[in-house]
Participant: 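Have a look at the structure that comes next, please.
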Amino acid sequence: MGRPKGFSREQVLEKAMPVFWKHGFADTSVQELERATGVNKSGLYTEFRDKEDLFMECLRHYLESQGKRGLLTKKPLGWKNVETFLKNGPMNKGEQQGCFSVNSMREFAILPDEAYGVVTENRALLQRLLAMNIEAEKPKMAASQLPRWCCPFSPDCVSRAILNPAKPLQTARSTIL
């Protein structure tokens with residue numbers, strides 16, 4: 001009978017994620033992951049196939065934890081949820097700035113295809129949730145135009161934020177509603 005592992009999978013993900021977040025996938029070494037998690041290489045590779053697998057599990061864990069925050073599913077649906085999501089959605093704790101998912105997009109070329117699929121699927125979910133909240137406000141804009149407005153990274157939202165940096169949320173809201 002083998003020794004019981006002295007760590008939980010979730011704890012490893014919570015401790016490895018900030019390392020990937022700070023350095024990116026390519027610049028994160030297994031030694032840094034060992035130091036951050038307190039688990040040796042053998043233990044990491046027993047739990048995860050390789051560094052790619054650990055990164056992918058961190059990405060999934062992050063996206064699941066963001067979903068559990070329920071920023072876009074709180075009843076009643078509406079603009080307040082959208083505003084709360086845009087203000088509080090990205091995490092900014094210490095060296096963890098912005099969105100881990102968005103930060104990881106810069107490395108799509110070297111990540112497994114699965115990473116692109118996970119991020120794309122999550123982005124589609126965010127668009128649907130944002131659209132549901134905006135539609136609850138009975139916008140004057142046609143529903144078919146909402147998806148371009150529903151992603152905070154769309155050119156439309158970015159351009160509005162640039163044109164009116166003091167009040168990007170109010171500008172977007174007045175255009176849509």
Participant: Any chance you could measure E137, atom CD, to W79, atom CH2, to the nearest 0.5 Å?
Facilitator: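 One gets 8.5 Å once the value is rounded to the nearest 0.5 Å.
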Participant: Could you list the residues that satisfy salt bridge (charged side-chain N to carboxylate O under 4.0 Å, His left out) with D53, not counting sequence neighbours?
Facilitator: R49
Participant: Is the shortest side-chain heavy-atom distance between S101 and Y62 below 4.5 Å?
Facilitator: yes
Participant: Where is the tightest heavy-atom contact between S104 and V119, given as atom of each residue plus distance?
Facilitator: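 The answer is OG-CG2, 4.3 Å.
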Participant: Donor-acceptor pairs under 3.5 angstrom involving side-chain atoms of residues 30-39: please list them, not counting sequence neighbours.
Facilitator:
residue, atom, partner, partner atom, Å
E32, OE1, S29, N, 2.8
E32, OE1, S29, OG, 3.3
E34, OE2, K41, N, 2.7
T37, OG1, L33, O, 2.7
T37, OG1, V39, N, 3.2

Participant: List for me each residue that meets ring-ring contact (aromatic ring centres under 6.0 Å, His included) alongside F20, sequence neighbours excluded, and say none if there are none.
Facilitator: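 Result, ring-ring contact (aromatic ring centres under 6.0 Å, His included) vs F20: F55.
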Participant: What is the distance from atom CG of L71 to atom CD of E83, rounded to the nearest 0.5 Å?
Facilitator: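 The distance works out to 12.5 Å.
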Participant: Determine whether V12 and L54 satisfy the following criterion, side chain to side chain contact (heavy atoms under 4.5 Å, CB included), listing intermediate values before the conclusion.
Facilitator: CA-CA 9 Å; V12 170; L54 177 54; 4.1 Å; yes
Participant: Between K51 (side chain only) and F25 (backbone N and O only), is there a donor and an acceptor less than 3.5 Å apart?
Facilitator: yes
Participant: Looking at Y116, I'd like to know if its OH atom is crowded, meaning that more than 12 non-hydrogen atoms belonging to other residues, nucleotides or ligands lie closer than 6.0 Å.
Facilitator: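 No, the 6.0 Å shell around OH holds no more than 12 heavy atoms from other groups.
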Participant: With L13, which of E47, H61, R60 fulfils side chain to side chain contact (heavy atoms under 4.5 Å, CB included)?
Facilitator: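 The residue from E47, H61, R60 that satisfies side chain to side chain contact (heavy atoms under 4.5 Å, CB included) with L13 turns out to be H61.
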Participant: Nearest 0.5 Å, please: how far is CG in N133 from CG in N81?
Facilitator: 4.5 Å
Participant: Looking at residues at least two apart in the chain, or sitting in another chain, which of them share a salt bridge (charged side-chain N to carboxylate O under 4.0 Å, His left out) with R106?
Facilitator: none
Participant: Listed by chain and number, what are the ring-ring contact (aromatic ring centres under 6.0 Å, His included) partners of Y45, not counting sequence neighbours?
Facilitator: none
Participant: Could you measure the distance from the CD atom of Q127 to the CG atom of N122? Nearest 0.5 Å is fine.
Facilitator: 10.5 Å
Participant: Are any non-hydrogen side-chain atoms of R69 and F85 less than 4.5 angstrom apart?
Facilitator: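 With C-beta onward as the side chain, the pair stays apart.
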Participant: How would you list, by chain and number, every residue that makes a salt bridge (charged side-chain N to carboxylate O under 4.0 Å, His left out) with K22, sequence neighbours excluded?
Facilitator: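 Expected list: E95.
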Participant: Out of S65, P18, C58, which one pairs with F100 under the side chain to side chain contact (heavy atoms under 4.5 Å, CB included) rule?
Facilitator: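 Among S65, P18, C58, the one that satisfies the side chain to side chain contact (heavy atoms under 4.5 Å, CB included) with F100 is C58.
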Participant: To the nearest 0.5 Å, what is the distance between CG (L129) and CD1 (I134)?
Facilitator: 11.0 Å
Participant: Give the minimum heavy-atom separation between L72 and L77, together with the two atoms involved.
Facilitator: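 The answer is O-CD2, 3.7 Å.
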Participant: Looking at CD of E57 and CD of E52, how far apart are the two atoms once the value is rounded to the nearest 0.5 Å?
Facilitator: 12.5 Å
Participant: Of all heavy-atom pairs between I110 and A26, which one has the smallest distance, and what is that distance?
Facilitator: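 Heavy-atom minimum between the residues: CD1-CB, 3.4 Å.
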